[in-house]
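The first residue in the sequence is number 1, and the count goes up from there.
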Amino acid sequence: MNHRMIGKLLGFLLLLECMFLFPSVIVSALYHEETAMRAVFLTMVIAAALGGALWLAGRKAERHFYAREGMLVTALGWIVLSAVGALPFVIAGEIPSYVDALFEVISGFTTTGASILTAVEPMSKGLLFWRSFTHWLGGMGILVFLLAIVPMGGKGGGYSVHLLRAESPGPSVSKLVPKMRQTAAILYGIYIALTVINVLFLLAGGMPLFDSLCTAFGTAGTGGFGIKNDSMASYSPYIQTVCTVFMALFGVNFSVYFLILLRKFKQVLHNEELLLYVGIMLSAIAVITWNVSSLFSTVGEALHHAAFAVSSVMTTTGFATEDFNLWPELSRTILVVLMVCGASAGSTGGGIKCARLLLLAKSLRARMRQMLHPRSVNLVRVDGRAVGEEILQGVNTYMSAYCAIAVVSFLLLSLDSLSMETNLTGMLACLNNIGPGLALVGPTGNYSCFTALSKIVLMVDMLVGRLEIFPILILLSPRTWRKAG
């Protein structure tokens with residue numbers, strides 16, 4: 001195992017985090033928040049010192065790099081960034097418990113949006129900005145950003161693909177262009193452009209600049225940290241509609257936007273995952289609108305809030321305009337199903353992903369045909385192309401691991417003696433990177449009701465969900481470290 005190269009890349013990530021913390025210093029200075037400014041600045045010093053030391057220790061590292069190292073860098077990178085990123089909240093005294101601060105930051109970086117805070121408005125603007133900015137950084141992936149800006153050519157060019165595959169969501173990762181660095185740059189270019197457009201639409205609705213940036217960070221990263229205690233409920237219907245649309249847009253596979261830029265509209269219109277994603281979303285909106293129409297004065301108002309809730313939950317964003325915990329059982333059940341379903345592969349959304357659901361359905365159909373006609377050849381095809389057995393096996397393995405982790409996490413949470421609804425939906429909300437669940441962890445609740453042990457379980461779930469299970473499992477596997485020895 002190439003320990004020095006792993007350390008060097010972790011050093012790069014910490015130096016990047018130091019740079020990403022700087023805007024929070026500026027925000028704190030603008031709002032004359034000296035305590036928050038000092039806390040963030042001290043964290044920058046710590047990140048720079050640790051990052052510089054790791055980079056110097058690994059500057060002469062051999063450049064060979066394989067899939068195992070890619071998985072370990074990804075898992076360790078997210079843990080280290082979260083561990084350091086939690087420090088400003090503790091140093092400033094705004095979240096005194098380090099476990100709670102770590103929970104909040106892991107929730108931010110993994111774009112989960114689950115919070116232990118009972119009220120966010122009393123927090124300093126600088127730390128609110130950092131809290132929301134972690135969503136934007138985690139949405140597309142910090143390692144993807146690293147690949148986009150740091151040259152990784154030469155003999156070490158091979159590790160670009162291992163890092164991108166370890167961090168990017170979905171059953172498979174393909175290049176948009178021949179070079180992985182260019183692919184990462186294109187993805188971030190689209191991501192930044194959509195975020196800027198989102199901010200402009202929010203500003204056009206009269207939302208203040210600070211609110212617009214924080215809301216856009218949560219929308220783009222499909223995270224859901226609000227800067228108001230009622231999330232999005234107190235904003236205008238226009239602002240809420242803008243968020244509804246952009247949450248849905250950020251739940252689309254970013255390769256679709258690349259095809260649009262290339263004017264390959266026919267491929268976009270025939271993209272099976274996109275059709276499934278849109279179909280599920282529109283169907284859920286229609287059923288929930290019908291089911292909750294009696295709770296609102298007009299059908300239009302019911303449609304507005306149903307569309308927002310579906311877009312928020314399916315894309316695993318977690319913003320809320322209404323307490324859907326009070327909606328009829330059918331609507332709540334649909335929202336829980338959407339939690340698990342998730343958005344598209346290659347998007348900033350979480351969940352199992354529509355691509356996997358599509359492959360599972362097609363595999364089931366192919367298997368049934370094989371049983372009826374044993375001599376027939378039944379290939380699984382998506383968008384007209386045959387899907388390799390390796391990808392199908394990977395999807396089945398993912399689902400097996402997903403179910404096992406969900407069961408174990410649910411059992412561990414039950415030690416808190418909270419209601420089954422709270423434990424189950426809280427676990428699903430964290431494992432699928434959504435944020436709000438039902439009961440005590442609903443849109444008007446928070447995760448402060450859990451013990452420290454349960455919070456640690458949920459933190460692992462958030463990391464497992466965002467990194468698509470395998471990097472964390474490999475990190476925790478004793479065999480990985482035995483080989484390293």
Side-chain angles (χ1 to χ4, degrees), residues 6-7 9-21 24 39-40 42-51 54 71-92 94-117 127-146 163 166-167 169 217-218 221-225 318 348 350 429-431 433 435 447 450 452-469 471-476:
I6 291 174
L9 289 173
L10 291 177
F12 264 128
L13 290 175
L14 283 169
L15 292 174
L16 279 178
E17 184 171 37
C18 177
M19 179 183 72
F20 290 138
L21 280 161
S24 297
V40 177
L42 180 57
T43 304
M44 289 178 63
V45 173
I46 294 172
L50 290 174
L54 285 170
M71 294 284 186
L72 289 175
V73 167
T74 301
L76 288 172
W78 281 69
I79 292 171
V80 169
L81 290 175
S82 299
V84 175
L87 293 177
F89 298 99
V90 179
I91 295 171
E94 298 195 19
I95 305 180
S97 167
Y98 182 75
V99 172
D100 286 349
L102 185 61
F103 184 97
E104 200 76 10
V105 172
I106 287 179
S107 179
F109 275 124
T110 59
T111 72
T112 304
S115 179
I116 51 81
L117 297 171
L127 293 187
L128 274 179
F129 185 89
W130 171 240
R131 180 172 174 265
S132 295
F133 194 36
T134 57
H135 276 335
W136 192 85
L137 295 174
M140 185 56 65
I142 302 173
L143 286 163
V144 175
F145 183 86
L146 178 68
L163 293 176
E167 188 177 57
F217 292 154
T222 61
F225 273 156
T348 60
C430 287
L431 184 57
N433 305 130
Y447 285 74
F450 288 103
L453 174 61
S454 291
K455 288 173 184 174
I456 292 171
V457 171
L458 293 173
M459 282 189 267
V460 174
D461 284 343
M462 288 188 277
L463 288 167
V464 164
R466 173 57 183 86
L467 299 180
E468 307 268 289
I469 296 176
I472 298 297
L473 290 185
I474 288 174
L475 175 68
L476 298 177

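Between atom CD of residue Glu94 and atom CG of residue Leu128 there is a gap of 7.5 Å, rounded to the nearest 0.5 Å. Between the CZ atom in Phe450 and the CG atom in Leu458 there is a gap of 5.5 Å [rounded to 0.5 Å]. From Asp100, atom CG reaches atom OH of Tyr447 across 14.0 Å, with rounding to the nearest 0.5 Å. Expressed to the nearest 0.5 Å, how far CE of Met19 lies from CG of Leu16 amounts to 5.0 Å. Distance check: Leu50 CG to Leu13 CG gives 13.0 Å after rounding to the nearest 0.5 Å. To the nearest 0.5 angstrom, Leu87 atom CG is 12.0 Å from Ile95 atom CD1.
The minimum heavy-atom distance between Tyr98 and Ala86, with the atom names listed, is CE1-CB, 4.0 Å. Smallest separation of non-hydrogen atoms from Phe129 and Ser24: CD2-OG, 3.6 Å. The two residues Ser82 and Val105 make their nearest non-hydrogen contact at O-CG1, 3.7 Å. Nearest heavy atoms, Met462 versus Asn433: O-ND2, 3.1 Å. The nearest pair of heavy atoms linking Pro471 to Ala75 is O-CB, 3.6 Å. When all heavy atoms of Glu104 and Phe225 are compared, the pair lying nearest together is O-CZ, 3.4 Å.
Thr111 is not listed as a side-chain neighbour of Thr348, based on a closest heavy-atom distance of 4.5 Å or more. Contact check for Arg131 versus Ser115: side-chain heavy atoms found under the 4.5 Å cut-off.
Leu475 pairs in a side-chain contact (heavy atoms from CB on, under 4.5 Å) with only one of the listed residues (Leu467, Thr74, Val73, Ile79), which is Ile79.
With Ser107 contributing its side chain and Phe103 its backbone, the two residues share no donor-acceptor pair below 3.5 Å. Proximity of a side-chain donor or acceptor of Thr112 to a complementary backbone N or O of Gly435 within less than 3.5 Å is not detected. Looking only at distances, no side-chain donor or acceptor of Arg466 sits under 3.5 Å from a matching main-chain atom of Trp78.
Note: Phe133 and Phe20 have perpendicular aromatic rings, judged against thresholds of 30 and 60 degrees for the angle between ring planes. The aromatic rings of Trp130 and Phe109 sit perpendicular to each other, their planes meeting at more than 60°, with 30° as the lower class boundary.
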